Participant: 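Please see the structure below; I have some questions.
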Amino acid sequence: MSAQVIAPVPQATVVFPLSFANILIARKLNYLTTSFSNPFMNKKMTLTVFTSLIATAIFALEPPPVGSAAPDFSLPDAKGETHSLSQYKGKYVVLEWFNPECPFVKKHYGTDNMQKLQKEYTDKGVVWLTIDSNAPGTEGNLTPEQAQKVATSWKTQQTALLLDPDGKVGRAFGAKNTPNMVIINPDGKIAYEGAIDSKATPNPADIPSSTNYVKAALDQSLAGKSVSTPQTKPYGCSVKYKSS
């Protein structure tokens, strides 16, 4: 079957044949309909992930290659303070794309998995920047006040929660999903890009048996070793970018 033709969006390309997308969606929906015992949660979770998978299968932003210089940016945090990537040169920086309504994000925050990672590595001097690139009026977009409430109620441990409602930073890094993870080394180059771990499901029970790519990449980097898995395919809900 020929690839589905969609009107172009900035820095987006159609990369998957429709048949591949259908296979991917069918597999995920089969998992979702058998993994949750509550019928209401089945329908709600399936609808959310179905919509996400359609968007992810059709569009793919191209991230900068691993080893290339990370695009510089400046964004305000939830408290109005501006953070620039260049101000953290000389440190390891983690970028984490965020949507508090996404079940894949809730998987990691609801179990404190993400908070523990944030604290472990910020305690070691790593800068952790969580970024919300969802457009106003879409799922996951946060006002500064909402962002502060989420950070407080979820007890997040990142350096800052940054707001990118225009999606410029998300597009510059080719961020496709929430969570989408990037690690930048002290030279300002991308050391890792992709998924947080090896099990692309919203099921919290999968966390203990998964390989955490971000943790592995940070541990190897901080030990002066090369990253054994520098790039993986991200998973999660699609980032809801502002229309051009």
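Only a predicted model underlies this, so the values are computations on that prediction, with no experimental measurement involved.
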Participant: Check whether any side-chain heavy atom of Lys89 sits under 4.5 Å from a side-chain heavy atom of Pro186, and report yes or no.
Facilitator: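 Answer no - side chains too far apart.
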
Participant: Looking only at heavy atoms, which two atoms of Asn180 and Gly174 are closest? And how far apart?
Facilitator: OD1-O, 4.1 Å

Participant: Which pair of heavy atoms, one from Pro234 and one from Glu193, lies closest together, and at what distance?
Facilitator: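 Reported closest heavy-atom pair: CG-OE2, 4.4 Å.
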
Participant: Can you find a side-chain donor-acceptor pair between Tyr121 and Asp219 that sits under 3.5 Å?
Facilitator: yes

Participant: Among side-chain atoms of Ser209 and Lys199, is any donor-acceptor pair under 3.5 angstrom?
Facilitator: yes

Participant: With a 4.0 Å cut-off, would you call Lys215 and Glu120 a salt bridge?
Facilitator: yes

Participant: Tell me which one of Pro165, Ser133, Pro100 satisfies side-chain contact (heavy atoms from CB on, under 4.5 Å) with Asn141.
Facilitator: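 That would be Pro165.
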
Participant: Determine whether Ser238 and Lys176 satisfy the following criterion, side-chain contact (heavy atoms from CB on, under 4.5 Å), listing intermediate values before the conclusion.
Facilitator: CA-CA 6 Å; Ser238 61; Lys176 305 173 184 67; over 6 Å; no

Participant: Counting only N and O atoms by type, is there a donor-acceptor contact under 3.5 Å from the side chain of Asp164 to the main-chain atoms of Lys168?
Facilitator: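 Yes: the side chain of Asp164 pairs with the backbone of Lys168.
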
Participant: Stepwise, does the side-chain contact (heavy atoms from CB on, under 4.5 Å) test hold for Gln146 with Thr143?
Facilitator: CA-CA 5 Å; Gln146 290 170 332; Thr143 65; 3.2 Å; yes

Participant: Taking side chain as C-beta onward, heavy atoms only, is Ile131 less than 4.5 Å from Val169?
Facilitator: yes

Participant: Do Tyr92 side-chain atoms and Ser221 backbone N/O form a donor-acceptor pair below 3.5 Å?
Facilitator: yes

Participant: Measure from the ring center of Phe98 to the ring center of Trp154 and say whether it is less than 6.0 Å.
Facilitator: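 So the answer is yes for these two rings.
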
Participant: I'd like to check Ile183 versus Val214 (side-chain heavy atoms, cut-off strictly below 4.5 Å). Are they in contact?
Facilitator: yes

Participant: Under 3.5 Å, is there a donor-acceptor pair between the side chain of Lys107 and the main chain of Thr201?
Facilitator: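 Side chain of Lys107 to backbone of Thr201, a donor-acceptor pair under 3.5 Å: yes, one is there.
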
Participant: Is there a donor-acceptor pair under 3.5 Å between the side chain of Asp77 and the backbone N or O of Glu81?
Facilitator: yes

Participant: Is the backbone of Gln157 close enough, under 3.5 Å, to the side chain of Gln115 for a donor and an acceptor to pair up by distance?
Facilitator: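 No, Gln115 side chain to Gln157 backbone: no donor-acceptor pair under 3.5 Å.
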
Participant: Can you tell me how far the CG atom of Asn113 sits from the CG atom of Asp197, to the nearest 0.5 Å?
Facilitator: 7.5 Å

Participant: Check the hydrophobic clustering (I, L, V, M, F, W, Y; side-chain heavy atoms under 4.5 Å; chains of links allowed) and say if Val227 and Val127 are grouped together.
Facilitator: no

Participant: Around Lys91, counting heavy atoms of other residues, nucleotides and ligands shown, do more than 12 lie under 6.0 Å from its NZ?
Facilitator: no

Participant: Compare all side-chain heavy atoms of Lys79 with those of Gln148 and state whether any distance is below 4.5 angstrom.
Facilitator: yes

Participant: For residues Tyr88 and Val182: do they belong to one hydrophobic cluster (side chain heavy atoms under 4.5 Å, members Ile, Leu, Val, Met, Phe, Trp, Tyr)?
Facilitator: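 In one cluster with Tyr88: Val182, yes.
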
Participant: Between Phe173 and Pro63, is there a side-chain heavy-atom distance shorter than 4.5 Å?
Facilitator: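 SC-SC contact between Pro63 and Phe173 ruled out.
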
Participant: Indicate the atoms forming the closest heavy-atom contact of Val239 with Ala175, along with that distance.
Facilitator: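 Closest approach of Val239 to Ala175, heavy atoms only: CG2-O, 3.9 Å.
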
Participant: Checking Val150 against Leu142 for the side-chain contact (heavy atoms from CB on, under 4.5 Å) test, could you report, in this order, the C-alpha distance in whole Å, the side-chain angles of both residues, the deciding distance, and whether it holds?
Facilitator: CA-CA 9 Å; Val150 167; Leu142 296 171; 4.3 Å; yes

Participant: For Trp128 and Met114, what are the C-alpha separation, side-chain angles and deciding distance, and is it a side-chain contact (heavy atoms from CB on, under 4.5 Å)?
Facilitator: CA-CA 11 Å; Trp128 193 297; Met114 192 72 80; 3.8 Å; yes

Participant: Measure from the side-chain N and O atoms of Ser210 to the backbone N and O of Ile207, and report whether any donor-acceptor pair falls under 3.5 Å.
Facilitator: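 Here the side-chain-to-backbone pair exists.
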
Participant: Taking Tyr235 for its side chain and Ser198 for its backbone only, find out whether a donor-acceptor pair lies under 3.5 Å.
Facilitator: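 No, the answer is negative, given that no donor and acceptor are paired below the 3.5 Å cut-off.
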
Participant: Is Asp123 paired with Lys119 through a side-chain N to carboxylate O contact shorter than 4.0 Å?
Facilitator: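 Yes.
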
Participant: If you measure only the distance, is there a donor-acceptor pair under 3.5 Å linking the side chains of Gln118 and Tyr109?
Facilitator: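 A pair is found: one side chain offers a donor N or O, the other an acceptor, under 3.5 Å apart.
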
Participant: Is Leu222 reachable from Val94 through a run of hydrophobic residues whose side-chain heavy atoms are each under 4.5 Å from the next?
Facilitator: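 Shared cluster, yes.
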
Participant: Classify the side-chain pair Thr130/Gln158 by whether it contains a donor and acceptor separated by less than 3.5 Å.
Facilitator: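 Yes - a donor-acceptor pair under 3.5 Å links their side chains.
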
Participant: With distance as the sole test, does Thr232 use its side chain to make a donor-acceptor pair with the main-chain N or O of Ala195 at under 3.5 Å?
Facilitator: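 A pair under 3.5 Å: yes.
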
Participant: Roughly how far, to the nearest 0.5 Å, is the OG1 atom of Thr178 from the CG atom of Asp132?
Facilitator: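 The CG atom of Asp132 sits 9.0 Å away from the OG1 atom of Thr178.
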
Participant: Report yes if the side chains of Leu163 and Pro144 come closer than 4.5 Å at any heavy-atom pair, otherwise no.
Facilitator: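 Yes, side chains in contact.
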
Participant: Would you say the side-chain atoms of Ser74 pair up with the backbone N or O of Ser84, donor to acceptor, closer than 3.5 Å?
Facilitator: no

Participant: Taking the side chain as everything from C-beta on, heavy atoms only, tell me whether Leu129 gets closer than 4.5 Å to Val93.
Facilitator: yes

Participant: Does the Asn177 side chain pair with the main chain of Gly236, one donor and one acceptor, at a distance under 3.5 Å?
Facilitator: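 At least one qualifying donor-acceptor pair exists.
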
Participant: Between Tyr192 and Thr229, is any side-chain donor less than 3.5 angstrom from a side-chain acceptor?
Facilitator: no

Participant: Measuring only between side-chain heavy atoms, which start at C-beta, is Trp97 closer than 4.5 Å to Pro179?
Facilitator: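 Not touching, per the 4.5 Å side-chain cut-off.
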
Participant: Using only heavy-atom distances, determine whether the side chains of Glu139 and Asn99 contain a donor-acceptor pair under 3.5 Å.
Facilitator: yes

Participant: Nearest 0.5 Å please: distance from the CD1 atom of Ile196 over to the CE atom of Met181.
Facilitator: 5.0 Å

